[in-house]
Number of protein chains: 2
Amino acid sequence: MDQSTASPEERQDADLPFDVFSKRCPSRGLLEHATGRWGSLTLGALYEGSLRFNALRRRVDGVSEKMLSQTLHALERDGLVHREAQLVNPPRVDYELTPLGREVAERLLGLIHFVEGRMSEVLAARERYDAAREV
Amino acid sequence: MDQSTASPEERQDADLPFDVFSKRCPSRGLLEHATGRWGSLTLGALYEGSLRFNALRRRVDGVSEKMLSQTLHALERDGLVHREAQLVNPPRVDYELTPLGREVAERLLGLIHFVEGRMSEVLAARERYDAAREV
DNA sequence: CAGCATCCTATCCGATACTG
DNA sequence: CAGTATCGGATAGGATGCTG
């Protein structure tokens, strides 16, 4: 686009090979896996340490077996989560973050804790918004 | 805000009133609005400055009129985006981040730029994963 | 315990048409 | 320009039943 005269301020997203704002960029898919309804909570839960399937399921309150399985597959495929299966009976499988996954989870948790801390503001904004329309 | 005796390290998520990991916490809804497919891109686009509806639509490549409208309503209701309408003809409406929205967008952009920068690792992980199963 | 397969519903979302 | 309304296909996601 503009590779000769871009200032340092513009460079940030001017000539990156991957730009999430363009329709066909694969980074959108990753972002959706990582920030999706279950993806963000799964990464957040695993940040504290490795967990087995059912422990994870209890930690991510409300996730179904199917969705957790699907989410873990996507995150494993993207290289954010590592699956460690032991061939014992009963079976034991541990999930843990990869180094890359840790970095993503860190940023995600920063966001999560931030919004948790500001929920009262959000709730108030919602009430104001709703009150203004139901007249 | 900090009226308990929790240490600074624990305070963050030890006794917060809002916990995104529990099923019925309203912070989940906010997180989904902010990190959803179009929410994150909309907030990211508005971080650079206020934009009009159609400019925003062009910036968030691929978003439909309907989804952008819906996304903006949700973000406005949550108090992350401010809608400024001028009663002129043709109509002119500007969207901009609220102070709270800026803080969310900042963290979101941190994540976005991070994943953009690591996409090659992710793509490689995906190839490895796919190659391992199609045997 | 750690899952996969199937069915079914709710919602997401794009396309199209229309309004002030 | 800045939206709203409606339709229909695609997908997310819950419930249930089964396997190693």
Side-chain angles (χ1 to χ4, degrees), chain A residues 21-24 28-42 45-46 50-78 81-96 129 132-134, chain B residues 21-24 28-42 45-46 50-78 81-96 129 132-134:
Chain A
F21 286 101
S22 354
K23 190 154 53 170
R24 308 212 176 281
R28 271 201 191 176
L30 171 62
L31 196 65
E32 281 162 32
H33 293 159
T35 66
R37 184 164 179 196
W38 304 120
S40 57
L41 297 178
T42 300
L46 288 175
S50 86
L51 286 172
R52 299 175 62 175
F53 189 83
N54 282 299
L56 200 43
R57 191 158 185 266
R58 280 186 296 274
R59 176 79 177 116
V60 181
D61 189 23
V63 71
S64 71
E65 188 180 274
K66 176 185 169 183
M67 290 316 298
L68 181 57
S69 173
Q70 203 171 104
T71 300
L72 285 169
H73 279 308
L75 295 177
E76 189 193 353
R77 190 172 103 100
D78 288 343
V81 163
H82 174 69
R83 180 179 186 276
E84 184 93 21
Q86 295 172 42
L87 287 153
V88 295
N89 201 303
R92 180 191 175 100
V93 180
D94 290 86
Y95 291 93
E96 61 182 340
Y129 183 93
R133 355 234 104 204
E134 71 175 28
Chain B
F21 285 102
S22 2
K23 189 155 51 172
R24 307 209 176 283
R28 272 202 190 175
L30 171 62
L31 196 65
E32 280 162 32
H33 293 157
T35 66
R37 183 167 179 195
W38 303 119
S40 58
L41 297 178
T42 300
L46 288 175
S50 85
L51 286 172
R52 300 174 63 175
F53 189 85
N54 282 298
L56 201 44
R57 189 155 185 263
R58 281 186 296 274
R59 177 77 176 118
V60 181
D61 189 23
V63 71
S64 70
E65 207 173 68
K66 177 185 167 182
M67 290 315 297
L68 181 56
S69 172
Q70 203 170 104
T71 300
L72 285 168
H73 279 308
L75 295 177
E76 190 194 352
R77 190 171 104 98
D78 289 343
V81 163
H82 175 68
R83 180 179 187 275
E84 184 94 20
Q86 295 172 41
L87 286 154
V88 296
N89 200 303
R92 180 190 175 99
V93 180
D94 290 86
Y95 291 93
E96 61 182 340
Y129 183 93
R133 359 231 101 208
E134 71 174 27

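Chain letters run A, B, ... following the sequence lines, proteins first and then strands; every chain starts at 1. All values derive from a computational prediction rather than experimental measurement. Basis for what follows: all heavy atoms, side chains included, without hydrogens, waters or symmetry-related copies.
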### Query
Between which nucleotides of DNA chain D, read 5' to 3', does contact with chain B run, using atoms under 4.0 Å from its heavy atoms?
D:dC1 to D:dC7
Polar atom pairs (N or O), protein with nucleotides 11-14 of chain C, under 3.5 Å:
unit_1	atom_1	unit_2	atom_2	d
C:dC13	N4	B:K66	NZ	3.0
C:dG14	OP2	B:S64	OG	3.0
C:dG14	O6	B:K66	NZ	2.4

### Message
If the condition is side chain to side chain donor-acceptor pair (under 3.5 Å), which residues does B:Q70 pass it with, not counting sequence neighbours?
### Response
none
### Message
Applying side chain to side chain donor-acceptor pair (under 3.5 Å), can you list everything that pairs with A:R57, at least two apart in sequence or on another chain?
### Response
none
### Query
Between A:R52 (CZ) and C:dA2 (P), how many Å, whole number?
4 Å
### Task
Look at A:Y95 and C:dC1 and indicate whether a side-chain polar atom (N or O) is within less than 4.0 Å of OP1 or OP2.
no
### Task
Taking only the side-chain nitrogens and oxygens of A:R83, find out if one of them lies under 4.0 Å from OP1 or OP2 of C:dG3.
yes
### Exercise: identify the closest heavy-atom pair between A:E96 and A:S50
CB-CB, 3.6 Å
### Axis deviation across the helix from C:dC1-D:dG20 to C:dG20-D:dC1, five-pair ends, to the nearest 10°
50°
Give the table of side-chain donor-acceptor pairs shorter than 3.5 Å for residues 28-42 of chain A, with sequence neighbours excluded, one pair per line with atom names and distance.
unit_1	atom_1	unit_2	atom_2	d
A:R28	NE	A:V20	O	2.7
A:R28	NH1	B:D61	O	3.1
A:R28	NH2	A:F21	O	3.1
A:R28	NH2	B:D61	O	2.7
A:H33	ND1	A:D78	OD2	2.6
A:T35	OG1	A:L31	O	2.7
A:T35	OG1	B:T35	O	3.1
A:S40	OG	A:G36	O	3.2
A:T42	OG1	A:W38	O	2.7

### Task
Go through the steps to decide whether A:L56 and A:L72 satisfy the test side chain to side chain contact (heavy atoms under 4.5 Å, CB included), and finish with yes or no.
CA-CA 10 Å; A:L56 200 43; A:L72 285 169; 3.9 Å; yes
Output a table of donor-acceptor pairs, distance under 3.5 Å, between side-chain atoms of residues 81-93 of chain A and any protein atom two or more places apart or on a different chain; print 'none' if there are none.
unit_1	atom_1	unit_2	atom_2	d
A:H82	NE2	A:E84	OE1	2.9
A:R83	NE	A:Y95	OH	3.3
A:R92	NE	A:D94	OD1	3.0

### Summary
Ranking A:P91 and A:H73 by the position along DNA chain C of their nearest nucleotide, the one closer to 5' is A:P91
### Task
Would you kindly give the CD-to-C1' distance between A:E65 and C:dC7, to the nearest whole Å?
15 Å
### Query
Roughly how many Å is it from CD in B:E32 to C1' in C:dA10, rounded to a whole number?
14 Å
### Listed once per pair and sorted, the salt bridge (charged side-chain N to carboxylate O under 4.0 Å, His left out) pairs that draw on residues 64-77 of chain B, sequence neighbours left out
A:D130-B:R77
